[in-house]
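Here's the structure we're looking at; comments come further down.
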Amino acid sequence: ATLEGENTAESGPVEEREASELVVGVSISTLNNPFFVSLDEGISDLASENGTEVKSVDAQNDTAKQTNDVDDLIQQGVDILLINPVDSSAITPAVESANAAGIPVITIDRSSDGGEVVTLVASDNTEGGEMAAEYIMEISGKDVVTVQLEGVPGASATRERGKGFMNIAEDSLDVVDSQTANFDRAEGLTVMENMLQANPEIKAVFAQNDEMALGAIEAIQSAGLTDSIQVVGFDGTEDGIKAVEEGKLSATVAQQPGEMGRLAMQAAYDYFAGETIEDYIASPLELVKK
Amino acid sequence: MEVKMTGIKKSFGSNSVLRGVDFDIQVGEVHALMGENGAGKSTLMNILTGLHKSDAGEIRIDGEEKRFENPKEAEDYGISFIHQEMNTWPEMTVLENLFIGKEFKNKLGIVQTKKMRALAEKTFNELGVTLDLDEDVKNLSVGQQQMIEIAKSLMTNAQVIIMDEPTAALTEREIDILFKIIRTLTDKNVSIIYISHRMEEIFKISDRITVMRDGVSIDTSLTAATNNDEVVRKMVGRDLEDYYPEKHSEIKDVVFEVRDLTQKDRFQNISFQVKSGEIVGFSGLMGAGRTEIMRSIFGVDPLDKGEIFLEGKKITINNPSSAIKEGIGFLTENRKEEGLILDYSLRDNISLPSIDGFIKKGIIDTKAESEFATMLMKRLKVKAESEFDAASSLSGGNQQKVVLAKWIGIGSKVLILDEPTRGVDVGAKREIYQLMNELADRGVAIIMVSSDLPEILGVSDRVIVVHEGNIAGELSKSEATEEKIMKLATGGY
Amino acid sequence: MNDIKESKGHSKISLGKLGPLLALIVLIVLVTVMNPGFIAPTNLLNLLRQVSTNALIAFGMTFVIITGGIDLSVGSTLALSSALMAGAIAGGLDPLLAMLMSLILGTVLGGINGLLITKGKMAPFIATLATMTIYRGLTLVYTDGNPITGIGDSFIFKYVGRGYLFGIPFPVILMLISFLILFIVLHKTTFGRKTFAIGGNEKASFIAGIKNDRIKIGIYAISGLMASLSGIIITSRLNSAQPTAGGSYEMDAIASVVLGGTSLSGGRGRIVGTLIGALIIGTLNNGMNLLGISSFYQQVVKGIVIIIAVLLDRKNKK
Amino acid sequence: MNDIKESKGHSKISLGKLGPLLALIVLIVLVTVMNPGFIAPTNLLNLLRQVSTNALIAFGMTFVIITGGIDLSVGSTLALSSALMAGAIAGGLDPLLAMLMSLILGTVLGGINGLLITKGKMAPFIATLATMTIYRGLTLVYTDGNPITGIGDSFIFKYVGRGYLFGIPFPVILMLISFLILFIVLHKTTFGRKTFAIGGNEKASFIAGIKNDRIKIGIYAISGLMASLSGIIITSRLNSAQPTAGGSYEMDAIASVVLGGTSLSGGRGRIVGTLIGALIIGTLNNGMNLLGISSFYQQVVKGIVIIIAVLLDRKNKK
Ligand SMILES: Nc1ncnc2c1ncn2[C@@H]1O[C@H](COP(=O)(O)OP(=O)(O)OP(=O)(O)O)[C@@H](O)[C@H]1O
Ligand SMILES: Nc1ncnc2c1ncn2[C@@H]1O[C@H](COP(=O)(O)OP(=O)(O)OP(=O)(O)O)[C@@H](O)[C@H]1O
Ligand SMILES: O[C@@H]1[C@H](O)[C@H](O)CO[C@H]1O
Ligand SMILES: [Mg+2]
Ligand SMILES: [Mg+2]
């Protein structure tokens with residue numbers, strides 16, 4: 001009786017490879033979200049510029065499916081895996097399997113709790129949450145009535161952004177409600193509508209991503225409260241940035257998913273060029289405001 | 001085993017179905033239970049076997065008071081019930097059907113197919129049944145399914161066997177076998193409770209007759225000491241004149257004709273004519289293909305070949321809808337499965353095939369619809385409180401009249417009636433015959449498929465006999481006798 | 001015997017019929033007691049607007065369920081027709097035409113379900129499970145997983161989801177109009193009568209000359225049409241078409257229909273019940289949010305309410 | 001007449017029975033031609049391991065569907081029983097005991113479905129739709145929406161999802177053992193007979209003395225048990241219990257059962273078919289990944305394959 005991923009293949013010196021000979025396996029948490037679509041595009045853009053073959057799979061936000069997907073990529077003998085985990089803990093065994101097969105792993109956007117990874121390319125979600133809370137304080141003042149729209153329960157982004165946000169908000173904002181809208185625009189709309197009914201005196205909203213923020217804005221607009229409520233989103237998607245420019249969204253903590261993808265792909269090239277790689281590559285966060 | 005039921009009462013909601021019934025069974029007798037549709041015969045038996053609970057009354061078995069919690073308990077005690085509505089599992093095999101709920105199994109709960117197969121084969125031999133034990137029951141004819149029900153009950157070694165209309169779907173030959181079996185059983189001191197609407201059978205097989213009317217047991221007498229008319233009088237509460245009413249309709253031109261109808265492996269080159277005002281009886285053994293022919297004419301099943309003419313004009317029928325548009329009506333042999341929507345009101349049922357005729361500005365004119373339904377119900381003497389009663393609340397005979405009302409409602413020029421009186425009591429039967437005559441008087445051409453020979457002889461102007469998918473012969477009213485029909489039906493010449 | 005008459009219900013008003021309404025009233029009273037803000041007119045209008053998108057889908061689903069079928073593909077139909085509409089508008093098509101196109105598309109997608117079920121003789125569950133996957137996949141292929149935006153200039157298009165008529169949100173008006181039309185279709189026309197007949201006894205209906213296949217295809221087409229109408233409202237409200245729109249909407253729609261007293265085994269049902277059912281679901285969602293109940297507990301409560309309502313309804317009908 | 005006999009086919013091997021198997025073989029050949037890597041033993045074992053979790057659920061679902069029911073709650077049952085197990089292990093309970101507890105819990109959750117359906121006389125669809133929501137809500141409440149980790153020390157626990165026995169992944173072994181047991185239960189015992197009987201004619205079964213309610217409760221309990229077993233494997237493989245685990249797993253399970261030739265209307269079915277159905281779904285998922293088909297198109301293809309397979313099966317049986 002043996003266990004999968006038990007005996008890690010010893011990591012000898014990396015065999016140097018040209019970008020054009022590489023086959024890269026990419027596992028994305030979900031392509032039903034523009035954020036990850038950009039991330040995926042960032043990877044494949046840089047790959048095609050360098051003639052690298054990419055095999056990309058979509059876990060559809062299912063942790064178990066992602067493990068299967070990674071197995072399938074391992075089966076195909078890819079040279080390196082770029083994994084954007086659905087969940088940091090659940091991805092661990094898959095990373096261990098890759099380790100056992102001697103395939104290096106780079107995680108993107110979310111980390112792996114276990115196994116060995118070459119590097120993590122991500123923005124600091126906790127810091128992003130803090131940035132959002134601080135900005136709300138800056139524009140609306142201390143102790144304003146604030147609500148939070150949370151992402152998919154359990155997702156690391158939800159946890160970390162919530163944690164960062166509350167780090168600041170606990171003492172300096174009056175957070176009266178926090179509900180999940182599952183990173184989804186339509187849910188952002190209805191949840192916001194209901195929150196407005198329950199707390200008409202709301203002055204600020206932190207939405208853990210732009211999709212929910214855009215939904216919330218529609219709710220605020222139809223309640224005729226556009227001028228009195230500030231909304232801060234997260235991600236800096238195309239729609240989000242446009243909304244900031246139009247003055248509908250106060251600000252968004254912009255991640256750069258495309259850049260994140262490119263950074264991850266670049267890290268893979270660097271790895272096969274024999275360079276040393278940092279454990280953590282920060283993808284820039286930027287507060288986009290008008 | 002001796003069974004004595006006294007003062008049995010039972011209501012379903014506000015409907016009191018049994019209002020004090022006395023009934024007893026002696027060892028080794030065949031006791032016929034008679035009564036109109038809805039008299040409460042099946043309900044009484046359901047109470048005896050524990051499917052329903054009585055509201056009042058007492059059941060004694062061999063002197064001891066007894067109440068079964070469920071049918072299985074009654075069966076284990078030696079009382080077996082062959083139900084009127086067949087309790088089969090169409091998707092399962094004959095063998096599986098025979099043993100459901102009482103499979104032989106070993107200590108591990110694994111079923112022992114071999115043992116069961118042996119017993120089944122033995123029982124089939126006794127019954128003279130030749131059925132593949134591995135055949136799915138859905139592929140069997142109604143008659144064959146009925147034989148399985150009988151075999152099932154024989155295998156339980158019951159002391160009392162209740163047969164609720166066991167012959168409704170059997171051929172003459174199968175009925176003979178059944179009667180022989182009943183004789184051997186009674187010789188072994190098994191008692192039979194025999195429920196049937198067929199008079200001639202009752203007098204052939206029973207020792208005693210109990211008549212029920214409106215939930216009360218009217219009378220019990222020795223079969224030898226009574227006669228047909230007396231029993232009928234007790235059942236319906238008045239004298240019925242001739243069983244088959246006189247028919248005087250004028251038979252005119254050919255209204256309906258088919259030529260060379262063929263459906264591969266089912267029937268071949270069927271040609272016949274029906275005239276205005278004429279009732280043509282279709283006789284034949286069970287499974288001869290009569291139903292199949294009628295279904296194809298009506299567009300339910302496709303034809304491989306053949307032509308259909310109505311009033312001299314060739315017509316094409318692709319589905320029931322086009323048949324109805326041409327003025328053809330079809331009362332199917334299975335009213336519960338194909339004739340009625342049981343949960344729906346009488347009005348909704350009656351108006352269904354003509355519903356497109358009740359549109360006023362795109363909306364159904366429900367007033368006109370109700371009038372239409374009540375008018376037909378009156379004409380057919382349907383016993384019901386109102387047109388809003390659910391079809392399921394009517395007795396079998398009345399349900400059958402509702403189906404007829406449907407087809408009369410479309411103004412049928414040709415009416416196909418498949419087993420129109422199956423499971424219908426004497427009184428209602430006669431009313432249905434009268435209706436058929438009335439329709440014939442008004443020039444409707446009627447085709448009646450029936451497995452009841454006396455009925456075929458009593459009602460038809462002309463008899464067509466089908467044998468294995470072919471027309472074996474045609475007999476005029478004056479020529480037709482039971483012997484001649486049977487000879488044609490069995491292929492003997 | 002009484003129960004049969006009642007459950008069919010001609011003219012007479014019966015307990016069985018009132019069950020869902022009573023449940024709704026109890027719910028409203030409960031929520032109001034706990035948070036009087038609930039019955040503020042603005043909240044009620046807000047509630048109605050939220051209800052409208054689910055109610056529209058549930059209206060179509062009512063027809064489907066009365067025939068004994070089910071339509072799992074409504075959410076995907078909504079997403080696909082919305083995406084193509086949004087794409088067309090973004091591509092310069094007149095919004096009115098684009099909306100019409102979306103409705104036609106929804107009808108066609110529903111019709112495909114009907115064809116699979118009738119001509120293909122597939123079980124409705126499995127046929128619409130398959131098209132649910134296919135339509136969703138096509139939506140993702142078409143949108144490449146991105147929402148479609150840049151559709152927000154036309155007044156008419158904005159009005160559909162965000163407008164008000166005499167102070168009433170336009171989606172609510174659309175819901176009421178659709179309700180009225182479908183009520184008449186279901187309960188007053190031969191099409192409706194045939195819908196019931198098929199659900200009551202398919203064989204008997206066929207023998208009675210009803211073109212079962214044609215009616216069924218029509219019914220699934222209606223379901224698709226209502227899904228696409230709901231999609232137009234959602235797209236207008238969100239000012240964008242989401243590839244994930246409508247995910248698991250079938251469940252809320254089915255729950256609404258069943259809460260309204262329509263039987264999943266077919267042959268029995270009322271569209272008024274469905275409206276009430278949708279209001280129950282909507283009140284639950286809105287009310288629990290107002291009461292600040294965490295979304296995790298909300299799911300638990302919603303499930304329990306469904307069970308209680310169905311059990312009570314069963315009891316009333318007994 | 002001939003064809004009818006064939007579709008049932010005792011001892012005789014029939015086209016109808018072979019339909020799903022043929023579909024599977026065609027699929028395997030197709031994928032192999034396009035990517036020979038597919039039939040590499042390592043990939044086949046990998047494939048089987050992937051299939052196992054769905055297959056286990058689908059085995060239980062086969063019983064449910066044969067009675068004419070449906071179980072939408074399997075995914076939530078999986079999540080809830082896994083979460084409680086993981087919580088218990090993290091809290092220091094012996095992993096073996098925790099797994100046992102999980103299985104018992106799954107059985108109980110399934111049994112609750114059975115109770116609602118029999119004693120509550122609820123339609124299976126709506127009863128399990130409600131418990132699907134409730135069980136999921138409870139999982140979220142219990143986990144607070146977070147995955148449960150810190151369960152990874154025990155060898156036995158790791159072994160369940162990640163171990164190998166004679167080179168065969170242990171989940172595959174679990175799948176085969178479960179298959180064998182359930183095959184015998186369904187096709188060789190009176191419990192199985194009764195399952196078919198209830199699906200074929202519920203009223204007649206009651207009259208024949210079958211305790212319909214008891215059998216049905218047992219069947220839903222089996223379904224819950226299989227879901228929790230699948231959950232143990234998933235939790236072990238992921239080294240954590242996810243609150244969202246099992247989302248929409250009911251759909252794949254139902255699709256597997258139907259692809260295997262079991263009829264949604266009850267009374268007919270084979271568990272071998274379900275195994276084949278699960279393999280078809282698994283081969284599709286794995287094969288399309290190997291072929292590098294985008295996940296969007298994968299959904300479209302999967303839906304179309306379901307339709308084709310069901311249509312072909314229908315045709316064979318005709
Ligand atoms: N489960 C039930 N619920 C309500 N009413 C019932 C039920 N079973 C029977 N009835 C009613 O009881 C009456 C007697 O029915 P029963 O079946 O006993 O008549 P029957 O004498 O067997 O008639 P038939 O000759 O048509 O078989 C009928 O009016 C029937 O509608
Ligand atoms: N769907 C079917 N598939 C295969 N065989 C069938 C089917 N329906 C009927 N049969 C067979 O076709 C033959 C003709 O049956 P049909 O019902 O037409 O006979 P019938 O003369 O009307 O007798 P009955 O009095 O039983 O109605 C029988 O052998 C029957 O078993
Ligand atoms: O960072 C991403 C994005 O914010 C997305 O909107 C949801 O998932 C998170 O992980
Ligand atoms: Mg009877
Ligand atoms: Mg016949």
Side-chain angles (χ1 to χ4, degrees), chain B residues 11-15 295 298-300 318-325 328-332 334-345 347-366 369-370 385-393 403 406-407 409-410, chain C residues 1-16 66-68 118-119 180-216 261-270 317-318:
Chain B
S11 313
F12 292 107
S14 60
N15 180 10
R295 287 170 69 87
F298 197 64
V300 182
N318 300 317
N319 48 41
S321 168
S322 51
I324 290 169
K325 283 208 188 80
I328 303 175
F330 182 34
L331 181 140
T332 53
N334 190 336
R335 68 175 166 265
K336 287 197 171 144
E337 273 170 28
E338 297 182 330
L340 290 169
I341 306 176
L342 287 168
D343 285 346
Y344 287 10
S345 69
R347 182 197 71 181
D348 289 0
N349 272 290
I350 291 173
S351 65
L352 195 56
S354 20
I355 192 69
D356 287 330
F358 289 100
I359 313 174
K360 224 160 111 185
K361 293 188 194 132
I363 303 280
I364 299 175
D365 181 353
T366 44
E369 189 195 0
S370 280
E385 267 174 55
S386 83
E387 74 269 29
F388 296 126
D389 285 3
S392 58
S393 70
V403 186
K406 233 165 76 161
W407 298 119
I410 66 163
Chain C
M1 223 70 285
N2 275 335
D3 41 358
I4 290 183
K5 260 186 233 155
E6 272 183 8
S7 72
K8 178 71 195 176
H10 300 268
S11 59
K12 269 172 282 175
I13 288 170
S14 64
L15 237 178
I66 286 175
T67 65
T118 54
K119 305 303 174 196
L180 221 74
I181 294 175
L182 291 179
F183 178 89
I184 292 172
V185 170
L186 183 61
H187 294 292
K188 306 279 170 199
T189 70
T190 56
F191 183 86
R193 192 59 79 76
K194 290 171 185 176
T195 303
F196 276 106
I198 290 175
N201 185 340
E202 197 161 337
K203 276 190 195 165
S205 303
F206 181 62
I207 302 267
I210 292 175
K211 300 207 169 79
N212 291 357
D213 286 3
R214 213 181 280 181
I215 302 285
K216 277 199 200 168
T262 295
S263 145
L264 275 176
S265 46
R268 218 152 17 109
R270 294 163 319 119
K317 280 188 184 147
K318 255 290 164 76

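Just so you know, these numbers use all the heavy atoms, side chains as well, and skip hydrogens, waters and symmetry mates. Letters A, B, ... are given to chains in the order of the sequence lines, protein chains preceding strands, and every chain is numbered from 1.
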Could you look at [X] and say if it's the side chain, the backbone, both or neither that has a heavy atom under 4.5 Å from chain C?
X        : result
B/Leu340 : backbone
B/Ile363 : both
B/Ser322 : neither

Quick one: do B/Val300 and C/Ile207 satisfy side-chain contact (heavy atoms from CB on, under 4.5 Å)? Show the steps, please.
CA-CA 7 Å; B/Val300 182; C/Ile207 302 267; 3.8 Å; yes
Taking atom [atom1] of [X] and atom [atom2] of [Y], what is their separation to the nearest 0.5 Å?
X        : Y        : atom1 : atom2 : answer
B/Thr332 : C/Lys203 : OG1   : NZ    : 9.5 Å
C/Arg193 : B/Ile364 : CZ    : CD1   : 4.0 Å
B/Ile355 : C/Thr189 : CD1   : OG1   : 9.5 Å
B/Asp356 : C/Thr190 : CG    : OG1   : 5.0 Å

Checking the side chain of B/Asn319 only, and the main-chain atoms of C/Gly209 only, is there a donor and an acceptor separated by less than 3.5 Å?
no
Test side-chain contact (heavy atoms from CB on, under 4.5 Å) applied to B/Thr366 and C/His187, step by step
CA-CA 11 Å; B/Thr366 44; C/His187 294 292; over 6 Å; no
Minimum-distance pair of heavy atoms, taken over all atoms of C/Phe196 and B/Tyr344:
O-OH, 2.6 Å
Looking at C/Ala204 and B/Ile341, what are the two nearest heavy atoms and their distance?
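Smallest heavy-atom distance, with atoms named: CB-CG1, 4.5 Å.
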Applying a strict 4.5 Å limit to non-hydrogen atoms, the region of C/Lys188 in contact with chain B is both
Give the intermediate values and the outcome of side-chain contact (heavy atoms from CB on, under 4.5 Å) for residues B/Leu342 and C/Asn201.
CA-CA 8 Å; B/Leu342 287 168; C/Asn201 185 340; over 6 Å; no
Based on non-hydrogen pairs under 4.5 Å, which of B/Glu369, B/Lys325, B/Lys336, B/Lys406 is most in contact with chain C?
B/Glu369
